[in-house]
Structures are given as C-alpha cells and as structure tokens.
Amino acid sequence: MDHKKVATDVIKALHQDNIIAAAHCATRLRLVLKDDSKIDQKALDENPGVKGTFKTNGQYQIIIGPGDVNNVYDEMIKQTGLSEASTDDLKKVADKSKKFNPIMAFIKLLSDIFVPIIPALVAGGLLMALNNFLTSEGLFGPKALVTTYPAIKGISDMIQVMSSAPFIFMPILVGMSAASRFGANRFLGAAVGMIMTTPDLIDGKYWNILGMHVSQANYQYQVIPVLAAVYILSVLEKWLHKKLPAAVDFTFTPLISLMVTGFLTFIIVGPVMRGLSDAITSGIVWLYDTLGFVGTGIFGLVYSPIVLTGLHQAFPAIETQLIAAFTQNHTGYGDFIFVVASMANIAQGAACFAIFTLTKSKKMKGLASSATVSACLGITEPALFGVNLKYRFPFFCALVGSGIASALAGLTHVIAVSLGSAAFLGFLSINAKSIPMYILCELISFAVAFTLTFLYGKKNKQLVDPVAITSATEQTQVEKKAADLINQEAGLKDEIVFAPVAGKAESLSEVNDKVFSTKMMGDGAAIVPSQGEIFAPVNGEITVAYETKHAYGIKSDSGAEVLMHIGIDTVELKGKYFESEVTQGQHVKKGQKLGSFEIEKIKQAGYDPTVMVVITNTANYAGVDRIETEQVKAGDRLVSVTAR
C-alpha cells in the first residue's frame with residue numbers, strides 16, 4: 001500500500017479544514033469532523049486502500065487495516081499539521097463536539113436500563129409462546145393439546161408459572177437495572193421492586209397514615225412507577241453517603257433510603273406514575289384500535305427512519321407494558337410494535353439482497369451478503385448504513401415493503417407475546433394463532449422490497465455500479481492488477497490457524513463491533529477468553545505489535561495475514577492490564593507466548609475482552625472458514641484457510 005497516497009486521498013475526501021482531531025487504533029483511523037455532509041463518501045468507497053467507513057459516538061472511522069493504519073495516520077499528521085492524539089483524547093473531543101439532546105439522552109437512559117433485562121423477558125415470553133402452543137384451540141385440531149392429551153397439563157401449568165414470573169416481578173428486574181444506571185446500590189434497587197410487588201399488597205385496601213388513606217396498591221407488571229421510585233432512592237442514597245459519618249453510613253444509609261423511598265412511593269410517586277403508565281399504554285392501544293391497519297401501515301413506513309435517529313431504543317419500555325397487559329389478563333392487544341419492527345427489518349434485508357444480486361463490485365457483494373443475513377436475523381445497521389443508505393433507493397423501496405406488510409399484519413391482528421429477534425426467527429415470539437399470518441406478512445415484506453429494489457436497480461444500472469471501465473487503458477490497468485494479484489496469491493497455501501487463547505469460540509458476526517461483525521477486515525472467528533494468555537496461532541513473522549499491547553498481527557510462513565485483537569475499544573486502556581513478550585519483526589513459532597492480559601480488570605474497566613482472530617487477506621483465498629467448535633484451548637484448530 002502507498003501510505004502517502006492513501007493519506008492524501010483520505011484528506012482530500014474529508015477536506016483538510018473539516019478535520020478537528022485524528023487518532024488511530026489497530027485497524028482504523030478515528031476522526032472528529034466539523035461537518036459530515038462535506039465527506040466525499042464515493043471517493044472513500046472506491047479507494048482500494050479503504051476497507052470501509054462508519055460513524056459512531058461522534059467519531060468518523062475509516063478502516064485501513066493492521067500494519068498500514070499507523071503509517072497512513074503518520075502521513076495524515078505530516079500533511080495536515082494536526083497534533084497527534086490518543087483515542088481517549090479523541091473521545092473527549094467528540095464528546096465536546098456533540099450537542100446535548102435531552103430526548104436522545106432520555107432514550108439512551110431507557111436503553112441502558114432495559115437492554116440488560118431483555119434476556120429474562122425474552123425467556124419468559126418464549127415460555128409463554130410455548131404454553132400458547134399447548135393451550136390454543138384450533139392450532140393442532142379443534143381442541144387444545146392439553147385437552148387432547150391431559151397427561152401434559154401438568155407440564156403446561158408449570159410452564160405457565162415460569163413464563164409469568166419475569167413479568168409479574170418485572171419491577172424487581174427494572175429496579176436492579178435502574179439502580180445500576182442511576183448509580184445506586186443495585187440490591188437496594190431490587191429491594192424497592194420487591195416492596196412494590198410483595199404478595200401482602202392487595203388492591204382496594206388502605207393504610208391509615210396520620211389520617212391519610214394510602215392505597216396498598218400492588219405494582220406487579222409495572223415499569224414507570226419503579227423507575228421513578230429507584231431514581232428517588234439513588235438521590236437519597238448519594239446524599240446520605242456524603243452527609244453521614246463513615247461509622248454509621250453502612251447501617252443507616254440503606255435503612256433511611258429504603259424507608260423514605262417506600263413511603264414516598266406508596267403515598268405519591270406510585271399512584272401518579274401508575275396513572276401516567278396506564279395513560280401511555282391506553283393511548284398507544286387507542287391509536288392502534290382507532291387507526292387499525294392504516295396506523296400499522298404508517299408505522300411500518302416510518303420504522304426504519306426512526307431506527308436512523310435512535311428513537312427505537314425507547315420502544316422496549318413501551319413493549320414491556322403491552323406484553324405485561326396481555327400476560328396479566330390475556331385481553332390486552334399484545335406487542336404490535338415487535339411485529340412492525342420485524343417487517344421493517346426483513347424489508348431492509350431484502351433490499352440489501354437485491355443490491356447483492358445487482359452489483360458487480362466484489363467488495364459490495366461481500367458486504368451486502370453478510371448484511372442481508374444480519375438484517376434477516378434482526379440486526380439492520382450493517383444493511384442500513386453499509387448498503388441501503390449509500391444507494392438511497394433500496395432504503396425507500398424497503399419502506400414500501402415494510403408499510404404494506406405491516407398494514408396486513410395490523411388488519412389480521414398479528415401480535416407478539418414476548419420480545420425476541422425481530423425478523424424471520426421472530427415467529428417464536430408471536431401469539432401461536434397468528435404465526436402463519438406473521439410468516440406470510442414477512443414473505444410479502446421481503447418480496448415487495450426485493451422486487452422494487454431489483455427492478456429499479458436493473459433499470460438504473462448506473463446507480464448501482466456508477467464507475468464503469470470504458471477505456472482500453474483502464475482495462476489494461478485492471479488486467480495488470482489482476483495479474484499481480486494472481487502472482488501474489490501463487491505463494492499462498494492451505495493452512496490451519498489455531499486458537500491463540502482458551503475460551504468459548506463463536507462467529508465473528510456475534511461480536512459487538514460492526515468492523516468485525518460485518519467482516520470488513522476479513523473473515524475468521526472470535527473467542528470469549530477464559531484465560532488471560534495469548535499464543536501464536538501460526539508460524540510466522542510479527543507484523544503488528546502496538547505499544548498498547550492489545551493487538552498482534554502475524555504473517556504466517558504460508559502467507560496468511562492473521563490479526564488478533566484483544567477486546568473491543570481496549571486501545572483506550574493505553575496498555576493498562578496488558579503485557580507483551582514479542583516485538584515487531586520477530587519470527588515466532590506456533591504456540592509461542594505473545595503476551596498476557598487481565599480479563600477481570602478489563603471487564604471492570606467497562607470493556608468487552610472478546611478476542612477477534614481475523615484473516616485480513618481473506619480476499620486472496622478461495623475460502624476462510626471457522627472450524628465449528630464451542631470450547632477451545634489455546635492451540636486447538638480454529639480457522640481453515642483454503643488457497644485458490
């Protein structure tokens with residue numbers, strides 16, 4: 001790679017006076033820009049030295065690759081005169097550049113609270129769906145399975161108890177998660193939830209407190225009242241920690257915090273917040289009931305644009321209320337938001353797949369194929385930002401497919417009874433009687449979005465592949481590059497890349513970093529480490545060994561370029577909790593120790609310690625395949641690479 005040229009091209013595409021600050025990690029340039037609209041995205045997409053771009057947390061990131069990114073960064077610093085910055089410095093600059101948005105801050109707050117408890121709600125909801133299979137009439141015949149086969153009634157009853165528990169005692173889950181988010185003791189948060197759901201509370205009964213009639217309301221299934229109560233708890237606890245002497249703080253802070261919060265909750269906060277919660281739920285149900293299929297159709301049209309703004313992060317708080325209402329008495333409307341989300345995700349995946357069939361660009365085909373699979377499993381960001389919004393028309397074609405399918409789902413009253421994967425696997429969360437119609441709506445969403453995108457793209461080929469080779473000179477240059485690539489690949493051999501660490505092996509697509517999960521850097525595998533030592537996975541030369549000690553690159557003796565990246569965004573730790581035993585240029589043997597890292601301390605610092613093992617020259621091979629094993633020891637077979 002000509003690092004100077006790539007740096008020059010990147011600066012030109014971004015406009016030098018538009019760059020506020022720049023840093024880099026093991027794989028990408030991280031930049032803070034004044035105005036994203038000035039970026040020449042087309043120039044970056046067509047640059048062979050750029051593997052991909054995306055925007056996150058106020059930073060514009062350009063993926064260059066290990067071993068090259070630091071050289072390109074150095075050239076950028078020389079040409080622009082910017083001061084060198086660490087990723088931590090850049091993060092501070094990005095935070096200062098952001099404008100405070102109270103709505104987005106509130107949505108992020110809800111997301112931070114609800115995301116950790118979603119697994120419990122998903123498990124409860126899927127158990128509920130299983131029980132629906134057993135108890136629904138007309139699904140497997142005129143009678144329910146429990147009626148036809150009385151022997152399974154006990155199993156059904158037990159499943160019913162297990163499925164209801166996460167929703168009945170949802171305030172405990174919310175209380176614990178909210179306390180962590182508000183900076184309070186999470187067990188006190190759980191205690192607040194327990195107080196609000198204790199079976200001794202009976203609606204309709206009252207306490208006489210200094211002449212006031214205080215309702216003994218039970219807050220089972222409720223969300224908003226416990227959020228308000230735990231916020232009060234957090235304020236009290238923090239204040240008491242500051243005011244009370246250390247000798248009595250440990251005993252009296254929990255006592256006073258819990259007692260005062262409890263009284264305020266039952267006297268004022270609970271009744272007010274319960275009324276607000278009921279009003280919000282009733283309002284949403286009223287809209288659904290009044291607008292019917294027209295409303296769900298409109299919602300389907302706008303759902304993906306809502307995702308672009310991040311406002312969809314607030315939906316779980318509403319969905320849990322809808323599901324809880326349905327769970328409580330089976331007369332509520334259930335979760336129609338989940339159904340609309342599924343239709344929108346499938347439509348974006350279908351539009352992305354249409355681009356895969358239309359484009360001649362190998363780079364875009366690779367991105368579109370993985371993004372399609374991701375969208376059809378419920379994660380649409382790669383399809384939205386990596387493909388559909390770049391071409392624009394697929395995004396809008398998908399909106400049409402989503403709107404039509406959502407309208408049909410609303411017309412036939414398809415609802416979900418749990419949270420889950422909002423896509424093709426979402427049928428597991430759907431009310432049993434609605435599953436056939438749900439699947440039909442998904443197929444319609446996919447078919448409409450794919451057909452519209454394909455036909456429009458076929459008619460307007462220049463929109464899909466705007467750069468066409470027309471001159472003989474350009475053709476000769478392409479043929480020369482192809483010949484060079486063939487010569488380069490001639491030295492490659494089939495080989496096995498072994499696990500560099502012990503732990504649980506998983507697909508790269510499961511990693512919580514879109515650079516790795518969308519395989520922009522190449523294919524490979526990931527390992528959730530159980531031991532903090534990393535070893536050479538192949539015989540070869542160390543090509544990357546950063547001072548931060550969180551990433552290593554090895555070019556194997558057989559030609560594979562292997563990147564091992566310890567953790568996500570761990571470059572920000574600046575080498576803390578990492579030790580290295582090798583240097584760049586050193587030749588190592590398979591199984592030789594490269595370094596060590598402290599897993600628990602990395603976790604406590606707030607970072608994911610997952611180790612990514614990526615073959616960065618994947619394009620030079622006929623195949624790069626993860627060897628399907630769950631638990632691996634360092635030195636076990638992990639990835640197979642096949643030469644052309």
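Sequential numbering from 1 along the given sequence is applied to the chain's residues.
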**Message:** Ring-plane angle category for Y73 and H24, please: parallel below 30°, perpendicular beyond 60°, tilted otherwise.
**Reply:**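 Because their plane-to-plane angle lies in the 30° to 60° range, the rings of Y73 and H24 count as tilted.
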**Prompt:** Using 30° and 60° as the class limits, which term best fits the ring planes of F393 and Y456: parallel, tilted or perpendicular?
**Reply:**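 Rings of F393 and Y456: tilted, as their planes differ by 30° to 60°.
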Side-chain heavy-atom pair [X], [Y] within 4.5 angstrom cut-off:
X    : Y    : value
T629 : V632 : yes
I64  : L29  : yes
I627 : L638 : no
D625 : V641 : no
F516 : S509 : no
L14  : K38  : no
L594 : M564 : yes
F395 : P305 : yes

**Asked** Do R30 and D569 sit within salt-bridge range, that is, some charged N less than 4.0 Å from a carboxylate O?
**Response**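 Yes, this pair counts.
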Under 3.5 Å, is there a donor-acceptor pair between the side chain of [X] and the main chain of [Y]?
X    : Y    : answer
Q586 : T583 : yes
K365 : T359 : yes
Y621 : A560 : yes
H565 : G567 : yes

Using 0.5 Å steps for rounding, measure from the [atom1] atom of [X] to the [atom2] atom of [Y].
X    : Y    : atom1 : atom2 : result
L31  : I39  : CG    : CD1   : 8.5 Å
D523 : S507 : CG    : OG    : 7.5 Å
I11  : N18  : CD1   : CG    : 12.5 Å
S580 : K549 : OG    : NZ    : 7.0 Å
I602 : I566 : CD1   : CD1   : 7.0 Å
F356 : F450 : CZ    : CZ    : 10.0 Å

**Request:** Please identify each residue that fulfils side chain to side chain donor-acceptor pair (under 3.5 Å) with T610, with sequence neighbours left out.
**Result:**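 Per chain and number, T610 pairs via side chain to side chain donor-acceptor pair (under 3.5 Å) with D608.
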**Asked** For K5, which residues count as a side chain to side chain donor-acceptor pair (under 3.5 Å) partner, sequence neighbours excluded?
**Response**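 Counting only residues at least two positions away or on another chain, K5 forms a side chain to side chain donor-acceptor pair (under 3.5 Å) with D9.
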**Request:** Applying side-chain hydrogen bond (donor to acceptor under 3.5 Å, both in side chains), run through D35 and H15 and close with a yes or a no.
**Result:** CA-CA 10 Å; D35 185 356; H15 299 285; over 6 Å; no
What is the minimum heavy-atom distance between [X] and [Y], and which atoms define it?
X    : Y    : answer
S402 : G300 : OG-O, 2.7 Å
S530 : I599 : C-CD1, 3.7 Å
V387 : A368 : CG2-CA, 4.0 Å
Y577 : A605 : CE1-CB, 4.2 Å
V6   : G49  : CG2-CA, 4.3 Å
A525 : L508 : O-CD2, 3.5 Å

**Message:** For Q79 and T8, which I'm curious about, is there any donor-acceptor pair between the side chains at under 3.5 Å?
**Reply:**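 Side-chain D/A pair, Q79 to T8: present.
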Report, one line per pair, each donor and acceptor closer than 3.5 Å where one atom sits in a side chain of residues 533-544; sequence neighbours left out.
from: E533; atom 1: OE2; to: K593; atom 2: NZ; distance (Å): 3.0
from: N539; atom 1: OD1; to: K590; atom 2: N; distance (Å): 2.6
from: T543; atom 1: OG1; to: G553; atom 2: O; distance (Å): 3.2

**Prompt:** Given the rule in the side chain to side chain contact (heavy atoms under 4.5 Å, CB included) test, do V511 and M612 qualify, once you have shown the distances and angles that lead to the verdict?
**Reply:** CA-CA 8 Å; V511 172; M612 283 66 70; 3.8 Å; yes
**Asked** side chain to side chain contact (heavy atoms under 4.5 Å, CB included) between F446 and F424: does it pass, once the steps are laid out?
**Response** CA-CA 10 Å; F446 190 95; F424 278 122; 4.3 Å; yes
**Request:** Applying side chain to side chain contact (heavy atoms under 4.5 Å, CB included), run through E495 and S556 and close with a yes or a no.
**Result:** CA-CA 9 Å; E495 67 176 307; S556 79; 2.6 Å; yes
**Message:** Which residues pass the salt bridge (charged side-chain N to carboxylate O under 4.0 Å, His left out) test with K603, not counting sequence neighbours?
**Reply:**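 Result, salt bridge (charged side-chain N to carboxylate O under 4.0 Å, His left out) vs K603: E600.
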Side-chain donor/acceptor pairs under 3.5 Å, residues 343-351, sequence neighbours excluded:
from: N345; atom 1: ND2; to: A341; atom 2: O; distance (Å): 3.4
from: N345; atom 1: ND2; to: A422; atom 2: O; distance (Å): 2.9
from: Q348; atom 1: OE1; to: N388; atom 2: ND2; distance (Å): 2.8
from: Q348; atom 1: NE2; to: S304; atom 2: OG; distance (Å): 3.3

**Item:** ring-ring contact (aromatic ring centres under 6.0 Å, His included) involving F498 - partner list, sequence neighbours excluded
**Value:**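 If we apply the ring-ring contact (aromatic ring centres under 6.0 Å, His included) test to F498, skipping adjacent residues, there are no hits.
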**Request:** Using the side chain to side chain contact (heavy atoms under 4.5 Å, CB included) rule, take V501 and F597 through it: C-alpha gap first, then chi angles, then the decisive distance, then the call.
**Result:** CA-CA 11 Å; V501 295; F597 53 101; 4.2 Å; yes
